[in-house]
Amino acid sequence: MRIYDLILKKRDGEELSKAEISFIINGFVKGGIADYQMSAFLMAVYFRGMTSRESVNFTIAMADSGEKIDLSSISGFKVDKHSTGGVGDKTTLVLAPLVAACGGKIAKMSGCGLGHTGGTIDKLESIPGFKTSLTKEKFIKNVNKIGLAIMGQTAQIVPADKLIYALRDVTATVDSIPLIAASIMSKKLASGSNGIVLDVKTGSGAFMQKYEDALELAKLMVNIGENADQKTVALITNMDEPLGYAIGNSIEVKEAIDTLNGTGPKDLTNLCIELGGNMLLISGLVKNIKEGKGKIKKAIYNKSGLEKFKELVKIQDGNPAVVQNPSLLPQCKKIIEIKSEKSGYIEKINSCEVGIVSQILGAGRKTKNDTIDLSVGIYLKKKISDKIKKGETLAIFHTDGNKNKTNEAKDRFLNAYKISNKKVTPSKLLFAKITKNKVEIY
Ligand code: URA
């Protein structure tokens with residue numbers, strides 16, 4: 001086989017075989033295929049797409065490019081969750097303990113956040129002492145002990161993705177649905193769970209801003225998962241406004257604790273109930289989705305999810321006192337209230353811009369090697385459909401006291417809000433559910 005012929009074949013729209021796809025992935029990881037050839041191949045995929053069979057084979061070849069986690073020493077169905085990313089998305093911090101409190105087994109590996117704020121790992125690391133780097137033995141031991149462990153993804157998992165993503169990032173081939181699906185699902189397949197619930201976000205703060213693209217991505221990822229023997233369900237959910245009110249790292253941990261206490265934001269609470277109900281359903285722990293959602297609600301109400309979160313913090317060397325006393329989390333230097341310059345109803349929030357504002361304040365990385373300030377962020381006071389008066393507080397910035405940063409952040413933040421004179425209806429949370437052979441529209 002010659003890479004030249006395979007690039008030509010893809011360029012001309014023909015389907016590649018399983019052996020040809022393995023040749024490309026293996027050759028690239030081992031260094032026999034040059035970056036310029038892989039870049040040409042990725043661009044051919046960008047324009048020609050992939051057949052469903054190619055996508056499955058491409059994803060499996062990527063998953064096979066490195067280490068695969070063997071979770072067989074954990075009894076029962078191991079269930080995972082993945083979000084395509086959004087602003088203020090602290091779902092894992094709430095959902096994982098809730099599902100584990102209901103008997104689910106979660107051995108979760110989180111990748112580094114590609115978003116404007118830190119990822120789950122950064123958020124957890126804002127808990128004093130919390131360790132996200134565990135040996136495989138400890139990771140498995142913890143799941144066997146408390147039903148739950150969360151760690152950072154190791155460098156040995158899907159090396160093909162790291163190499164391919166670095167090329168996509170500089171060759172304008174990131175936004176290709178088959179390449180995104182393969183990137184996400186290969187890491188999930190290599191992480192060893194038996195099933196996964198995918199939270200595919202759509203809207204102004206999402207990777208897939210258009211609903212049609214989110215639906216296509218969700219269908220493709222479900223198809224890949226099911227063909228690779230992983231029970232897979234996708235929910236398409238709203239990211240037209242940030243999730244919850246807190247955007248940052250330690251302030252998101254506090255909001256997650258509030259949610260486990262039953263006093264969290266409605267959208268975050270309802271999203272966790274939907275995703276959690278589906279995780280329990282695919283785990284075979286409930287008979288139907290109604291029962292699954294009911295169990296998750298009960299775990300909020302009776303605080304068993306909060307207790308599980310405390311167990312997680314303790315077993316991963318964090319200070320469990322943060323659960324009762326969130327002021328032990330990193331606190332910012334200066335709080336600044338951002339006042340509305342207009343009266344009316346919040347019609348739109350450009351969530352991507354709000355994410356960038358939190359990054360300007362220091363809550364996220366611009367490049368991979370930046371350090372982040374775990375104490376800073378934005379606490380929204382108003383969301384879509386809320387009424388506001390001129391001079392009323394729109395948001396509270398948690399800052400490091402740097403005036404230049406704060407002024408830039410303030411201007412961009414005010415421009416991210418569209419305020420209308422007319423009443424606005426609140427946004428919908430859940431758009432669709434995709435399973436193996438079915439698309440249910442809500
Ligand atoms: N998230 C990933 O892990 N990979 C992509 O390509 C896009 C989003």
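Since the model is a prediction, treat every value here as computed from it, not as a measurement. Worth knowing before you read on, the calculation uses all heavy atoms, side chains too, and leaves out hydrogens, waters and symmetry mates. Remember, it's 1-based here, ligands and their atoms both numbered in the order they're listed.
Considering backbone and side-chain atoms alike, Y165 places every N or O at 3.5 Å or more from each N or O of ligand 1.
Heavy-atom contacts of I184 reach the following atoms of ligand 1: 1 (N), 2 (C), 3 (O) (cutoff under 4.0 Å). Residue R168 has at least one heavy-atom neighbour below 4.0 Å for each of these atoms of ligand 1: 6 (O).
S22 contributes atom OG, which lies 10.5 Å from atom CZ of F58 (distance to the nearest 0.5 angstrom). To the nearest 0.5 angstrom, T91 atom OG1 is 5.0 Å from L243 atom CG.
The number of heavy atoms from other shown groups lying within 6.0 Å of CZ (F77) is above 12.
Looking at G85, S176, A182, S183 and measuring to atom 5 (C) of ligand 1, the nearest heavy atom belongs to S183.
In this view, F397 and F413 satisfy the ring pair (Phe, Tyr, Trp, His ring centres under 6.0 Å) rule, not counting sequence neighbours.
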